[in-house]
Amino acid sequence: MSQITIYHNPQCGTSRNTLELIRNSGEEPTVIEYLQTPPDRTTLVRLIKDMGIEVRALLRIKGTPYEELGLGDTSLTDDQLIDAMMTYPILINRPIVVTPLGTRLCRPSEAVLDLLPQEQRGSFVKEDGQVVIDKSGRRV
């Protein structure tokens, strides 16, 4: 079983690029499609704590019910924001990657490189054509 887990949305280019960077290091991660299998509350709270971020920093705005739910209201508590993410998992920003080296929201996708125990095994170009790892295996 892999020591790497990615909370993934296959419809998201950043998430797809992150997954492929993990695979380019020779690892096959545990992939959790969090829209189909959302983390439970305890797991979500632990992920936020492990990332060392504020709850609000994990909220996704674009393509979500963020505005309709009034989640921009700064008087909302962390518990209320987590309740919203539990009800509407699309509000959870992605991808979240967990490795033995840490937990991080990998936006941009190359943020995952700092979490991978193994070096990249070859060049890597993002879906948009941006070179992340050149032919010599160096980060660009």
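It should be emphasised that the depicted structure is a prediction, and the values quoted were computed from it without experimental measurement. The chain is numbered in sequence order, starting from 1.
At least one side-chain heavy atom of Arg94 sits under 4.5 Å from a side-chain heavy atom of Tyr34. Counting heavy atoms from C-beta outward, Thr30 and Ile6 have side chains that stay 4.5 Å or more apart. Tyr7 places none of its side-chain heavy atoms less than 4.5 Å from the side chain of Thr103. In this structure, the side chains of Thr5 and Val31 stay at 4.5 Å or more apart for every pair of heavy atoms. Residues Glu33 and Thr37 have side chains not in contact (no heavy-atom distance under 4.5 Å, counting atoms from C-beta outward). Pro10 places a side-chain heavy atom less than 4.5 Å from the side chain of His8. A heavy-atom distance below 4.5 Å is not found between the side chains of Met85 and Ile90. Contact of the Leu59 side chain with the Asn93 side chain is not registered, since no non-hydrogen atoms from C-beta on lie closer than 4.5 Å.
No option in Thr99, Ile4, Thr18 other than Thr18 meets the side-chain contact (heavy atoms from CB on, under 4.5 Å) test with Val112. Each of Ile92, Ile96, Val97, Leu47 was evaluated against Leu105; a single residue qualifies, Ile96, per the side-chain contact (heavy atoms from CB on, under 4.5 Å) test.
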Give the C-alpha distance, both sets of side-chain angles, the deciding distance and a yes or no for salt bridge (charged side-chain N to carboxylate O under 4.0 Å, His left out) between Arg41 and Asp83.
CA-CA 8 Å; Arg41 185 181 194 87; Asp83 288 344; 2.7 Å; yes
Please test Glu119 against Ser25 for side chain to side chain contact (heavy atoms under 4.5 Å, CB included), starting from the C-alpha separation and ending with a verdict.
CA-CA 5 Å; Glu119 296 292 323; Ser25 75; over 6 Å; no
Begin with the C-alpha distance, continue with both residues' side-chain angles, and end with the deciding distance and a verdict on side-chain hydrogen bond (donor to acceptor under 3.5 Å, both in side chains) for Thr77 and Asp79.
CA-CA 5 Å; Thr77 66; Asp79 281 337; 5.3 Å; no
Determine whether Arg56 and Leu81 satisfy the following criterion, side chain to side chain contact (heavy atoms under 4.5 Å, CB included), listing intermediate values before the conclusion.
CA-CA 7 Å; Arg56 188 168 291 283; Leu81 297 175; 3.7 Å; yes
Go through it in stages, so that I can follow the logic: the residues are Ile82 and Met86, the test is side chain to side chain contact (heavy atoms under 4.5 Å, CB included), and I'd like the CA-CA distance, side-chain angles, deciding distance and then a yes or no.
CA-CA 6 Å; Ile82 290 169; Met86 296 307 303; 4.1 Å; yes
Evaluate the salt bridge (charged side-chain N to carboxylate O under 4.0 Å, His left out) criterion for residues Glu110 and Lys126: first the C-alpha distance (whole Å), next the side-chain angles of each, then the deciding distance (0.1 Å), finally the verdict.
CA-CA 9 Å; Glu110 52 269 29; Lys126 287 177 156 183; 2.9 Å; yes
Show your reasoning for whether side chain to side chain contact (heavy atoms under 4.5 Å, CB included) applies to Arg139 and Gln120.
CA-CA 9 Å; Arg139 190 173 178 173; Gln120 294 290 289; over 6 Å; no
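Atom CD of Glu54 sits in a sparse spot, with 12 or fewer heavy atoms from other residues, nucleotides or ligands closer than 6.0 Å. Other residues, nucleotides and ligands contribute more than 12 heavy atoms inside 6.0 Å of the OH atom of Tyr66.
Contact record, Ile48 with Leu58: CG1-CD2, 3.7 Å, taken as the closest heavy-atom pair. Considering every non-hydrogen atom in both Ser109 and Leu21, the closest pair reads O-CD1, 3.7 Å. Residue Ser2 comes nearest to Pro29 through the heavy atom pair OG-CA, 3.5 Å, listed as atom of the first residue, atom of the second, then distance. When all heavy atoms of Arg107 and Cys12 are compared, the closest pair comes out as NH1-SG, 3.9 Å. Residues Thr64 and Arg60 approach most closely at OG1-O, 3.0 Å, considering heavy atoms. Closest approach of Leu91 to Ala84, counting heavy atoms only: CD1-O, 3.5 Å.
Hydrophobic side-chain contacts under 4.5 Å tie Val140 into a cluster, directly or through other members, with Val125, Val131.
For the residue pair Asn17/Thr14, the side-chain donor-acceptor check at 3.5 Å is not satisfied. At a cut-off of 3.5 Å, with distance as the only test, no side-chain donor of Thr42 or Asp40 sits close to an acceptor on the other residue. No hydrogens or angles considered: a donor-acceptor pair under 3.5 Å links the side chains of Ser136 and Asp134.
With sequence neighbours left out, the side chain to side chain donor-acceptor pair (under 3.5 Å) criterion links Asn9 to no other residue. Residues passing the side chain to side chain contact (heavy atoms under 4.5 Å, CB included) test with Thr87: none are found, sequence neighbours excluded.
Leu101 and Met51 fall into different hydrophobic clusters, defined by Ile, Leu, Val, Met, Phe, Trp and Tyr side-chain heavy atoms under 4.5 Å apart, directly or through other members.
The CD atom of Glu27 sits 5.5 Å away from atom CD of Gln118, with the distance rounded to the nearest 0.5 Å. Considering CZ of Phe124 and CG of Leu113, their distance stands at 9.0 Å, rounded to 0.5 Å.
Using a cut-off of 4.0 Å between Lys/Arg side-chain N and Asp/Glu carboxylate O, Arg104 and Asp114 are scored as salt-bridged.
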